[in-house]
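What follows is a short report on a single structure.
Chain A is the first sequence line, chain B the second, and so forth, proteins listed ahead of strands; every chain is numbered from 1.
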Amino acid sequence: MRLYDTYTRSLVELPSAPGPIRMYVCGPTVYARAHIGNARPFVIGMWLRSWLRATGYDAQLVHNITDINDKIYDAAPGASAGLAARATGWYLEDTGDLGLGMPDRLPKATESVPQIVHFIEELIESGHAYAAGGDVYFRVASFPDYGRLSGQKLDQVEQGEEPSALKEDPRDFALWKANKPATEDTWWDSPWGRGRPGWHIECSAMAEEIFGPAFEIHGGGLDLVFPHHENEVAQSRALGHPFAQIWAHNGMLRFTGEKMSKSVGNVATIRETLDEWGREAVLVFFLTASWRKPIDFSPETMAQAAARRDTLRNAFTLAGAEHDEAGWAVFAAVLDDDFDTPAALAVLHEWASTGQLELLRRGLQVFGLESLAERAEAPAEVVELAEQRVAARAARDFETSDRLRDELGARGWQMRDEPGGAYTLVRDT
RNA sequence: GGCGCCUUGGCCGAGUGGUUAGGCAGCGGCCUGCAAAGCCGUUUACAGCAGUUCGAAUCUGCUAGGCGCCUCCA
């Protein structure tokens, strides 16, 4: 399998199966309900793990929770830890309801502070970082490759994060921030005094704590390339660690013409979207676009995804056909080529229209959509109504039969007539 | 100002030199008491201009438009 790598800007071949594929995908900062854009890296990460496992790899997914951050302090003055814990719960609940299972590990920054402190100490010892006034900064000038991941030229980078007189260079970034008692109600003791980790160092520390100094794939949103991931590589490679082999950045989800983001305010939460459209439509929606490209979220695109979901599900109410086992190779080939889910979706539709139901079921399973193959059993009262309708139709009492059909619809069941008084009951969504 | 991505038919979205992507929607038909589902048929393409080539949606250049990052951001 090959995947597009941001660092080399090319398709990179994965080591051949079987073997370990260790994936680290950046997770959310927990201070509010996550929006549907936040779900994209999660979904892609889970699908990738699923596909890699299906093709013989020992794939592991680590997805971090950033529960130390200015946003959290700002959103809950004096009660940041409580908000972070609550929002972590929401995130686990919302992503859990996508029905894709859970990552292998979900490390939290607050539980990794000792590893982070240790990492910073090593950077100071090696001359790549320096302590100043209770803060610790990474010395960007000490790492010649800085800017290579994002393609930034150092002399063109605008002023870095918040300017500070303590920095040697304005582009240096904080690894450790001294506690500000007025606004920051959580802190940890460190060799540099009370404080808390910077954002970028947590990922380097947690990824390496779990995977060691080298792993195969690092994922996250395209908006994290600079400065977040640039800083991560700098920290880890400054210590001589290979770090990630492939940088897999997913495209942004757009809503109302621009990136969905809390700061713009054009958000729909995962919760709302699941409630309105159902998990299967949400997953089909993500399937329709290449993982690297932007995807437009709108009532129209969601409705189309829901219609496709129905087409796929309806296939299981029809008669199956002979299986063409060779068909699987086509499906595998498109996924192995940069995880082309739109092409895979076309294959699923092909199987749906030709009645290759066993292949279709297997294909859907890769994406957590095997539920589309399940036929819900109608409760006795629904079957009773259906039988009454069969009788009414036999008696050519169409007024009654139409009324019964409406009644079934109101109970969430669609009745499809078939020749000879037979019928199929399908659960509406 | 710097770095990068994108522009395919009503909508979404594949396709990297010569062959129907696929889906949704539309239209006509079959089926049905009427529907639904399904099936058959069918309309609308490659932003613009110039170039390379026997031949370009596919390569090159320019123009126009859109998006992301450079500040927290999946």
Could you state the atom-to-atom distance from CG of A:Leu283 to P of B:rG23 in whole Å? 21 Å

Nearest-Å distance for atom pair CZ/P, residues A:Arg171 and B:rC69: 22 Å

Any N or O donor-acceptor pair under 3.5 Å from the base of B:rC6 to the side chain of A:Arg292? no

Gap in Å between the two P atoms, one belonging to B:rC24 and one to B:rG61, rounded: 39 Å

Regarding A:Glu387 and A:Tyr423, is there a side-chain donor-to-acceptor distance under 3.5 Å anywhere? yes

Would you mind classifying the nucleic acid contact of A:Arg389 as base, sugar-phosphate or nothing, using non-hydrogen atoms under 4.0 angstrom? base

Is the phosphate of B:rC72 approached by A:Ser261 (side-chain N or O, under 4.0 Å from OP1 or OP2)? no

Less than 3.5 Å between a donor and an acceptor, one on the side chain of A:Arg405 and one on the base of B:rA35, is that the case here? yes

Given the C1' atoms of B:rG51 and B:rA45, what is the spacing between them in whole Å? 23 Å

B:rG38, B:rG23, B:rG33: which one has an atom nearest the side-chain heavy atoms of A:His349? B:rG23

Using a heavy-atom cut-off of under 4.0 Å over every strand shown, decide if A:Gly27 touches base, sugar-phosphate, or nothing. sugar-phosphate

Here the distance between atom P of B:rG4 and atom CG of A:Asp223, to the nearest Å, is 18 Å

Looking at every strand, decide which applies to A:Glu418 at a 4.0 Å heavy-atom threshold: base, sugar-phosphate, or nothing. nothing

Taking the same atom, P, in B:rC46 and in B:rG9, what whole-Å distance lies between them? 8 Å

Find the distance A:Asp172:CG to B:rU71:P and express it as a whole number of Å. 14 Å

Spacing of A:Arg254 atom CZ relative to B:rA74 atom C1', expressed in whole Å: 15 Å

Rounded to whole Å, the CZ-P distance (A:Phe226 to B:rC5) equals 17 Å

Nearest to side-chain heavy atoms of A:Leu318, which nucleotide of B:rA36, B:rA74, B:rA37: B:rA37

Watson-Crick or G-U wobble partner of B:rA21, both distances under 3.5 Å: none

Counting heavy atoms from C-beta on, name the nucleotide in B:rA36, B:rA21, B:rA74 closest to the side chain of A:Ala346. B:rA21

Nucleotide nearest A:Asn314 when distance is taken to its side chain, options B:rC72, B:rA37, B:rC3: B:rA37

Under 4.0 angstrom, heavy atoms only, what part of the nucleic acid is A:His35 near: base, sugar-phosphate, or nothing? base

Contact class for A:Gly220 (heavy atom, under 4.0 Å): base, sugar-phosphate, or nothing? sugar-phosphate

For B:rC6 and B:rU58, measure between their P atoms and round to the nearest Å. 14 Å

With C1' as the reference atom in both, quote the distance from B:rG23 to B:rC59 in angstrom, rounded to an integer. 30 Å

Walk me through whether A:Tyr91 and A:His63 qualify under side-chain hydrogen bond (donor to acceptor under 3.5 Å, both in side chains). CA-CA 12 Å; A:Tyr91 185 71; A:His63 190 55; 2.7 Å; yes

Distance, P atom - from B:rU44 to B:rC11, rounded to whole angstrom: 15 Å

With a distance cut-off below 6.0 Å to the six-membered ring centre and an angular limit of 45° from the axis, does A:Arg194 pair with A:Trp188 as a cation-pi contact? no

Looking for any heavy atom pair under 4.0 Å, which part of the strands does A:Leu253 touch: base, sugar-phosphate only, or nothing? base

Between A:Trp47 and A:Phe367, does the ring centroid distance fall short of 6.0 Å? yes

Could you measure between the two C1' atoms, the one in B:rU43 and the one in B:rC34, and give it in whole Å? 29 Å

Please collect all side chain to side chain donor-acceptor pair (under 3.5 Å) contacts where either partner lies in residues 363-375 of chain A, sequence neighbours excluded, each pair once. A:Arg279-A:Ser371, A:Glu280-A:Ser371

A:Glu399 CD to B:rA35 C1': how many Å, rounded? 16 Å

Distance check needed: B:rG23 P versus A:Phe285 CZ, whole Å only. 20 Å

B:rC62 to B:rC5 separation - P atoms, rounded to the nearest Å: 15 Å

Classify the nucleic acid contact of A:Gly257 as base, sugar-phosphate or nothing, counting any heavy atom under 4.0 Å across all strands shown. sugar-phosphate

Nearest-nucleotide pick for A:Met252, side chain only, options being B:rG68, B:rG33, B:rC72: B:rG68

Given protein heavy atoms under 4.0 Å, the one-letter contact record of nucleotides 9-14 of chain B, with B base, S sugar-phosphate only and - none, is simply --BSSS

Counting only distance, no hydrogens or angles, is the base of B:rC34 paired donor-acceptor with the side chain of A:Asp417 under 3.5 Å? yes

For A:Thr311, answer base if it contacts any base atom (sugar-phosphate contacts may also be present), sugar-phosphate if it contacts only those atoms, and nothing otherwise; contact means non-hydrogen atoms under 4.0 Å. sugar-phosphate

